[in-house]
Structure formats: structure tokens, C-alpha cells
Amino acid sequence: TVGAVARDMGGNLAAATSTGGMTNKAPGRVGDAPLIGAGTYASNRGCAVSATGHGEMFIRLTVARDIAAMMEYLGLDLEEAVRRKVHDELPALEGAGGLIAVGPEGLPVLSFNTPGMYRASRCAGESEQIAIFE
Amino acid sequence: MNNTPWALALHGGAGTILRSKLTKQEEARFREGLADALRAGTAVLEKGGAAIDAVERTVIALEENPMFNAGRGSVLTSEGGIEMDAAIMDGRNLDAGAVIGLNTVRNPISLARLVMEKNDHVVLAGKGAEAFARERGLQSMPTDWFVTERRRNQLEEARKTQAVSLDHNDGKYG
């Protein structure tokens with residue numbers, strides 16, 4: 001699975017996710033990537049999220065929208081909302097994977113509960129960050 | 001908090017990635033692919049372009065790279081087929097588009113965007129999505145174009161153990 005989140009100079013957010021699914025998956029199986037609110041979500045009132053991992057668990061937890069909702073209704077910052085989802089709630093369902101997110105301000109958050117996630121980020125005036133392993 | 005005016009992040013999948021299972025050459029190819037995709041997206045944002053354009057450009061770059069599990073280089077189903085999914089969402093207005101179960105569309109994320117912008121629905125699947133892609137002139141490729149030897153080998157390994165694998169497990173399943 002691959003994905004991207006962005007904030008532009010106008011403060012607008014967007015998210016995109018694309019995938020071939022899982023190796024040896026049953027024909028017709030659909031994961032979280034194309035389900036709005038599970039693996040992909042963007043709202044200028046909250047954040048933009050793209051996820052990767054055990055899609056079934058990300059669907060059950062409506063991961064992407066829930067992170068935005070925690071920011072909107074609980075007033076959590078992006079980092080804390082992502083931490084709760086990726087490191088508390090997903091592991092409780094044995095949901096392995098991670099996500100990238102960006103809010104209306106601040107740096108992107110890249111978080112995962114597996115040994116690694118292929119990832120990269122960059123902000124205005126900053127250098128590229130590229131990493132694979134934890 | 002850093003109030004940087006624009007920001008971009010991307011991922012190329014996750015899993016139980018072990019450094020010992022990844023050759024230096026493979027790691028270099030992955031890093032190069034991540035860097036290329038990052039530059040594709042930041043080029044849009046640096047010029048004052050829209051976030052929605054930046055995420056599409058970034059994902060297209062990853063779909064075109066056979067190292068990653070999307071577009072060319074997608075993993076295989078238990079029947080040895082290709083079934084690609086994609087979604088895109090615009091935070092300005094909550095517009096969204098998604099496509100499911102594609103097997104010929106070269107860049108599924110661009111079809112998702114077309115669904116978002118040029119279709120009354122949010123999600124199109126299977127034959128209907130493929131037909132919409134043809135109607136809109138999106139490039140199609142034969143199924144073999146998407147399938148790499150690496151993915152065939154991974155499917156064979158998974159079949160032996162009846163495993164369904166995340167993107168990157170022990171460096172075997174991308």
C-alpha cells in the first residue's frame with residue numbers, strides 16, 4: 001500500500017491511498033485503503049490521513065476519521081490522536097500497520113506499530129526525511 | 001509547534017521489515033523510490049499548488065514504481081490476479097472518490113480522483129470502474145504489465161504456508 005497526505009500554502013489538506021491489497025488475499029477482498037474514513041480521510045477541520053496495514057482492523061476502528069474526530073471533538077492534538085489509535089487501539093485488536101497524517105498546522109506525523117514503515121516527509125524550508133526501519 | 005506553510009508525508013507500506021532480509025541494493029531502490037515520490041509531490045507544493053494535486057502526483061510516482069504494492073508491482077490474489085484499490089479526499093470540501101477491484105487501470109489514484117470530480121458517486125467498483133476509466137480516457141495496461149516476477153515468487157511462498165501477508169514481511173512481501 002502507498003499513500004500521501006499534504007497541506008498546501010492555503011492551509012488546505014488532502015489524502016490519497018492506493019494498493020494492490022495483501023499477498024494471497026481472497027479475490028474480492030477489500031481493505032481499508034479505498035474506504036473513506038477507514039484508510040483515507042481529509043478534512044480541513046481536522047487532519048488528512050492515509051493508512052497501511054491489516055485493513056480489516058483499520059476498517060473496524062474507522063481509523064482515519066476517528067483521528068480527525070478526536071481532534072475535532074476532544075481537542076486532542078494530531079500526535080496524541082494518532083498515538084491513541086496506532087499504539088493503544090489497533091494493537092488491542094492485533095491490528096498491525098501504521099499511518100501518516102498532517103493537520104492544519106505543524107509537522108506531519110508518521111506512526112506505526114510494526115518494525116518498520118517505508119516513509120518520507122518534507123516541510124517548507126526543511127530537508128527530506130526518508131526512512132524504512134524503526 | 002512548527003507552523004511551516006506546507007508539508008507532505010508519504011508511505012510505501014508497512015510490515016515486519018527486517019534489515020537483515022533486505023539487501024543493500026533493495027534498500028537503495030526503496031529509498032530512491034521514496035525520494036522520487038516525495039519530490040513529485042513537493043514540486044507541486046513549492047510552486048503554491050494544491051494539496052490535492054500534490055497527493056495525486058506523489059501516489060502516481062509510487063504506483064509507477066514496481067518496488068511498491070500499488071499499480072505496477074501490486075501483490076497477487078490467491079488466484080494469481082491483480083485487484084487494485086485507491087481513494088482520494090479533498091479536505092477543503094470533503095469531496096472524495098474511491099475505486100475498488102481494478103485490474104487494467106494504470107494509475108488507480110487518478111481514476112479515484114475522476115470519480116471524485118466527474119461522477120455523482122463516491123465509490124465505483126470492478127467493471128463499472130473500469131468502464132468509467134475507459135470513458136474518461138485513462139490509460140489501461142494489460143494485466144501482465146502489473147505483475148512482476150518478485151510478486152509471483154511471493155505468492156508461491158504465501159501459498160505454501162497459506163499466509164496472507166502485509167506489504168513487507170521479512171523483506172519478502174512488498
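Here is the naming used below: chain letters follow the sequence lines, and residue numbers restart at 1 for every chain. All values derive from a computational prediction rather than experimental measurement.
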Under 4.5 Å from a heavy atom of chain B, the part of A:Ile132 involved: both
Side chain, backbone, both or neither: which part of A:Arg29 has a heavy atom under 4.5 Å from chain B? backbone
Report which part of B:Val44 has an atom under 4.5 Å of a heavy atom belonging to chain A: side chain, backbone, both, or neither. neither
Would you say the side-chain atoms of B:Thr4 pair up with the backbone N or O of A:Ala124, donor to acceptor, closer than 3.5 Å? yes
Structural part of A:Leu110 lying under 4.5 Å from a heavy atom of chain B: side chain
Turns out that what part of A:Val5 lies under 4.5 Å from chain B's heavy atoms comes down to both
Test salt bridge (Lys or Arg N to Asp or Glu O under 4.0 Å) applied to B:Arg152 and B:Glu156, step by step: CA-CA 6 Å; B:Arg152 284 200 188 95; B:Glu156 287 310 307; over 6 Å; no
Honestly, the part of B:Leu38 sitting under 4.5 Å from a heavy atom of chain A is side chain
Using heavy-atom distances under 4.5 Å, tell me whether B:Ile100 contacts chain A through its side chain, its backbone, both, or neither. side chain
Quick one: which of A:His87, A:Arg83, A:Arg119 gives a side chain to side chain donor-acceptor pair (under 3.5 Å) with A:Ser111? A:His87
Side chain to side chain contact (heavy atoms under 4.5 Å, CB included) test vs A:His54 passes for just one of A:Met22, A:Arg60, A:Glu94, namely A:Met22
Within the distance-only criterion (no hydrogens, no angle test), does the side chain of B:Asn107 pair as donor or acceptor with the backbone N or O of B:Ile109 below 3.5 angstrom? no
Is it true that atom CZ of A:Arg45 has more than 12 heavy atoms of other residues, nucleotides or ligands lying nearer than 6.0 Å? no
Indicate if B:Val122 and B:Leu124 have the same hydrophobic cluster label, given that clusters are the connected sets of ILVMFWY residues with side-chain heavy-atom separations under 4.5 angstrom. no
Heavy-atom distances under 4.5 Å only: say whether A:Ala68 touches chain B with side chain, backbone, both or neither. neither
Side chain from CB out, backbone as N, CA, C, O: work out which of these in B:Ala54 comes under 4.5 Å of a heavy atom of chain A, or both, or neither. side chain
Heavy-atom distances under 4.5 Å only: say whether A:Ala120 touches chain B with side chain, backbone, both or neither. both
Given a strict heavy-atom distance threshold of 4.5 Å, which part of A:Ala101 is in contact with chain B: side chain, backbone, both, or neither? neither
Residue part contacting chain B, namely of A:Phe133, when any heavy atom lies under 4.5 Å: side chain
Contact origin within B:Arg39 toward chain A - heavy atom pairs under 4.5 Å: side chain
